[in-house]
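Here's the structure we're looking at; comments come further down.
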Amino acid sequence: MKLIAHIVRLLGVITALAACLPLQAAGIQQAFLVQNSGWMEPFYADQQSQLKALVGAVAQAASTPDDTVYLLAFSQSSGSHVSPSLLGQGRGAAAISTQLAPLGLARKNSSGALADTDFQEAVTKTITGPFRSAPGIIWIFTNNRNSPNNDSQTAERNRDFYRLLHLEPSITKTLVFPLRMPVQGKLYSAKGLMVYALAYGQSAADALSRIQAEGRLSQVLTRAPARLKPVDQDAVRIVPQAVKNSANVHASLGGDGRTVVLDVEAASLVPSVVLQASLQNMFFPYVIEHATVHAALAGQAAPLQVSPASISALQPGASQKVEVRFDLPMAQIPSAWSAQALGAMGKQVLLPMKATLGLSEQRLALSASFAAELQDLFPGDPISEVFTPPDSVRASQATIPLLVRIQYPLLPVLLMVGAILALLLALVVFGLLGTRSTRYRLLVDGLPRQVLLKPFKSLRIIDAAGQDIGEIRRGMGKPSIVRVADGHTLALG
């Protein structure tokens with residue numbers, strides 16, 4: 001326990017230093033640590049071993065050409081032997097297979113004794129060494145035998161390592177991939193290999209989440225990872241099935257597997273939605289023995305109503321039918337005559353929202369089938385203890401994106417377009433009429449005369465001597481006499 005306390009304090013100092021250092025301009029740094037101590041003998045001796053091929057495939061899937069990639073072998077430092085040892089580094093993982101090819105078992109010293117294993121040393125020296133205390137993702141490939149100084153109490157040493165993963169706040173996210181890989185060596189045999197993914201720092205946790213979401217990793221590690229940390233986020237998800245109170249509102253799950261999508265005609269909007277759905281346990285590999293469910297919609301004072309209000313004995317990946325009642329923010333939904341709706345040209349207007357779904361009074365337990373599988377792969381190892389959630393985790397929360405897609409009718413757009421076209425036509429006609437002169441017959445002092453007059457123009461009438469006789473004016477129609485001088489006559493006809 002003194003060792004683990006010392007390491008926790010050391011990582012705390014490293015975290016403080018990391019906050020003062022600038023982050024990488026692009027990509028994330030990743031370290032791939034491959035155990036090559038004596039306990040790993042069958043993975044190197046067996047000609048059928050897939051260890052090196054697996055490391056190369058995971059590195060290629062998890063990294064991009066912008067990532068700084070380190071390949072290290074680890075065992076335990078002893079005498080002149082240093083662990084972890086850097087095998088290679090560079091941008092991307094293209095060279096990892098070549099760098100791995102000559103790797104063999106590590107020796108303590110010139111006596112030739114096989115090296116022991118120290119997980120904590122490997123993790124802390126990677127952070128303080130290649131990572132320079134900046135955020136990054138550490139991948140560990142191991143048979144899960146932790147034996148510093150050839151300590152036979154490997155179970156207790158593993159407990160120390162598991163406590164480190166749970167208690168150290170700078171380790172922000174941890175995924176675990178137990179793999180079946182039977183190998184037979186001259187000294188030992190093994191059934192399984194463990195792959196750990198440890199995010200050091202929040203930006204590394206975000207990067208690891210992106211790697212998962214993009215599906216790159218699942219092409220190599222085809223089984224879903226066991227989540228070790230954090231265990232209080234994204235615990236459950238809602239899988240919609242139908243809207244109970246309106247046949248015109250259709251519910252589905254978005255392409256990201258998380259977003260609840262409601263499709264509705266603008267004319268069929270209902271203020272309140274009763275969504276029939278399934279509440280799915282995303283806590284792999286944990287059983288939700290009991291939890292109370294509560295939910296809320298961002299920006300609304302009234303909570304979402306979930307019934308039933310509690311769940312029990314929900315296995316990982318299993319679902320329970322629920323009804324979710326919530327009010328649509330009608331004030332935020334644009335009118336069919338609004339600029340937003342008209343701009344959609346009769347297509348969909350998107351209204352994104354966000355709901356939070358929480359579990360309180362939560363009790364979790366490791367799935368019995370998962371625990372049995374671990375004991376089969378790693379007999380005698382207390383590995384199931386690493387999946388025991390800390391006592392502090394009694395509540396969890398999931399964020400659920402909600403998207404309302406409103407289909408607006410095309411009629412308002414057509415009416416608006418028609419009105420605009422009519423106005424334009426009127427302006428064109430008005431413009432044409434405004435430039436066209438018309439000939440009119442005028443009697444000036446009883447004598448006929450022809451005059452030309454444009455719309456909205458006036459014309460002063462004079463006689464042959466240049467004397468003023470009067471004035472006529474025209475609007476859109478025929479002209480009219482607006483003034484006649486004394487002693488003269490004007491008449492249209």
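The chain is numbered in sequence order, starting from 1.
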With ring centroids as reference points, do Tyr196 and Trp139 lie under 6.0 angstrom apart?
->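 Ring-ring flag for Tyr196/Trp139: false, centres at least 6.0 Å apart.
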
Under 6.0 Å between ring centres, would you say that holds for Phe284 and Phe370?
->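 Ring centroids of Phe284 and Phe370 are less than 6.0 Å from each other.
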
Check the pair Asp67 / Gln30 against side-chain hydrogen bond (donor to acceptor under 3.5 Å, both in side chains), numbers first and verdict last.
-> CA-CA 7 Å; Asp67 295 343; Gln30 301 194 55; 3.1 Å; yes

Counting heavy atoms not belonging to Lys52, are there more than 12 under 6.0 Å from its NZ?
->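 Result for NZ/Lys52: enclosed.
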
I'd like to know if the side chain of [X] reaches the main chain of [Y], judged simply by a donor and an acceptor atom lying under 3.5 Å from each other, with no hydrogens or angles considered.
X	Y	result
Ser218	Gly215	yes
Thr142	Asn144	yes
Arg216	Val58	no
Tyr70	Pro130	yes
Ser310	Thr292	no

Between Gln29 and Thr68, does a side-chain hydrogen bond (donor to acceptor under 3.5 Å, both in side chains) hold up when you go through it step by step?
-> CA-CA 5 Å; Gln29 57 182 352; Thr68 300; 5.9 Å; no

Atom pair CG/CG of Asn281 and Leu314 - distance to nearest 0.5 Å |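 If we round to the nearest 0.5 Å, Asn281:CG and Leu314:CG are 5.0 Å apart.
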
Between Gln50 and Phe43, is a side chain to side chain contact (heavy atoms under 4.5 Å, CB included) present by the stated rule, with each step listed?
-> CA-CA 8 Å; Gln50 296 298 305; Phe43 291 93; over 6 Å; no

Please collect all salt bridge (Lys or Arg N to Asp or Glu O under 4.0 Å) contacts where either partner lies in residues 186-213, sequence neighbours excluded, each pair once.
->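 Every salt bridge (Lys or Arg N to Asp or Glu O under 4.0 Å) pair that includes a residue of residues 186-213, provided the two are not neighbours, is Lys191-Asp376.
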
